[in-house]
Amino acid sequence: MATYLPFLIKVGQSGVYSDSMTYEEPFDTKEAFGLWIQHSPFLIRPKIKTPVVQSWLDEDGDDVYLPPSGVKHEAYSFDCSFVYFENDGMANVRIEQFIQRISGKWLKIYDSYTKMCRKGVYVEEVGEAEKFHRRGQQDIVIFKVKFKCNFPT
């Protein structure tokens with residue numbers, strides 16, 4: 001049997017992102033809301049931004065500026081799949097509480113399985129195609145949350 005590894009989220013503030021903003025204590029989605037993480041597709045190395053390029057008609061090649069701090073990466077979106085798997089009849093309430101807690105705030109996310117952390121993350125969209133199953137007394141709800149990651153490395 002596989003061991004569950006926590007999916008941790010720190011909730012920050014609204015407004016413009018700042019490295020100095022404060023965050024709440026991290027919570028595990030399973031412990032706090034009964035939500036198991038099914039899939040979290042962090043990119044190991046996101047797409048590199050195109051450097052600043054100027055081409056002159058009277059010169060060969062291009063003038064290219066490569067920043068001394070190294071290449072920069074594009075922001076990216078990713079869909080996390082969550083599963084609610086409880087027999088308490090509280091699926092709708094717990095999922096709504098989770099969405100309310102993370103929406104409209106800057107987040108830091110840590111996936112214990114991949115051992116990857118991302119900051120500058122926010123909720124971009126909550127999937128509408130929830131899948132609801134009932135097996136005996138167990139309610140099983142599978143849904144996705146699309147996150148946007150602005151600090152992809």
Side-chain angles (χ1 to χ4, degrees), residues 1-53 66-67 69-153:
M1 182 171 156
T3 302
Y4 173 78
L5 296 172
F7 189 77
L8 304 172
I9 299 177
K10 278 186 168 186
V11 178
Q13 301 159 319
S14 303
V16 177
Y17 180 82
S18 167
D19 279 333
S20 63
M21 77 173 51
T22 58
Y23 290 84
E24 299 172 7
E25 288 297 312
F27 67 88
D28 175 9
T29 58
K30 181 176 164 264
E31 286 182 16
F33 298 99
L35 297 172
W36 299 65
I37 186 71
Q38 182 183 36
H39 183 62
S40 174
F42 285 146
L43 294 178
I44 293 173
R45 186 58 57 184
K47 184 177 177 185
I48 294 174
K49 284 186 171 182
T50 304
V52 177
V53 176
L66 298 174
S69 59
V71 296
K72 302 299 177 192
H73 297 87
E74 291 186 2
Y76 68 94
S77 297
F78 63 99
D79 290 328
C80 282
S81 296
F82 292 95
V83 179
Y84 185 82
F85 184 74
E86 296 287 338
N87 61 356
D88 59 4
M90 298 288 293
N92 293 338
V93 171
R94 303 288 300 278
I95 291 169
E96 183 60 29
Q97 289 171 341
F98 171 68
I99 298 304
Q100 290 299 317
R101 181 142 181 215
I102 64 173
S103 294
K105 308 282 186 180
W106 287 105
L107 309 170
K108 288 184 180 181
I109 296 177
Y110 179 74
D111 181 11
S112 298
Y113 179 73
T114 60
K115 297 184 179 172
M116 294 179 73
C117 181
R118 292 291 182 257
K119 67 178 184 176
V121 176
Y122 63 91
V123 174
E124 191 171 44
E125 180 181 340
V126 177
E128 296 178 14
E130 297 175 354
K131 297 176 185 167
F132 182 87
H133 306 282
R134 176 163 281 143
R135 294 190 182 138
Q137 296 298 316
Q138 299 254 258
D139 288 345
I140 303 169
V141 181
I142 302 169
F143 69 101
K144 291 183 180 180
V145 176
K146 180 183 275 189
F147 292 101
K148 180 79 173 225
C149 180
N150 279 316
F151 293 90
T153 56

Could you list the residues that satisfy ring-ring contact (aromatic ring centres under 6.0 Å, His included) with Tyr76, not counting sequence neighbours?
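Once residues adjacent in sequence are excluded, the partners of Tyr76 under the ring-ring contact (aromatic ring centres under 6.0 Å, His included) criterion are Phe78.
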Residues that Tyr122 engages under ring-ring contact (aromatic ring centres under 6.0 Å, His included), provided they are two or more places apart:
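Here the qualifying residues are Trp106.
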Determine, stepwise, if the pair Val123 / Leu107 fulfils side chain to side chain contact (heavy atoms under 4.5 Å, CB included).
CA-CA 8 Å; Val123 174; Leu107 309 170; 4.3 Å; yes
Roughly how far, to the nearest 0.5 Å, is [atom2] of [Y] from [atom1] of [X]?
X	Y	atom1	atom2	answer
Glu86	Arg94	CD	CZ	6.5 Å
Phe7	Tyr113	CZ	OH	14.0 Å
Gln100	Lys105	CD	NZ	10.5 Å
Phe85	Gln38	CZ	CD	12.0 Å
Thr29	Ile109	OG1	CD1	10.0 Å
Lys72	Ile48	NZ	CD1	11.5 Å

In residues 8-18, what donor-acceptor pairs under 3.5 Å come from side-chain atoms, sequence neighbours left out?
from	atom 1	to	atom 2	distance (Å)
Gln13	NE2	Thr22	OG1	3.3
Ser14	OG	Gly104	O	2.8
Tyr17	OH	Asp19	OD1	3.3
Ser18	OG	Ser20	N	3.1
Ser18	OG	Ser20	OG	2.8

Student check: side-chain heavy atoms of Phe82 and Phe98 closer than 4.5 Å:
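Touching, per the 4.5 Å side-chain cut-off.
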Can you confirm whether Phe27 is buried at CZ, in the sense that more than 12 heavy atoms of other residues, nucleotides or ligands lie under 6.0 Å from that atom?
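Yes - once you tally the heavy atoms of other residues, nucleotides and ligands closer than 6.0 Å, there are more than 12.
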Where do Phe33 and Arg101 land on the side chain to side chain contact (heavy atoms under 4.5 Å, CB included) test, with the steps shown first?
CA-CA 10 Å; Phe33 298 99; Arg101 181 142 181 215; 3.9 Å; yes
How close do [X] and [Y] get, counting heavy atoms only, and between which atoms?
X	Y	value
Ile37	Ser81	CD1-O, 3.5 Å
Lys49	Glu74	CG-CG, 3.6 Å
Tyr110	Cys117	CD1-CB, 3.8 Å
Lys148	Ser77	CD-OG, 3.4 Å

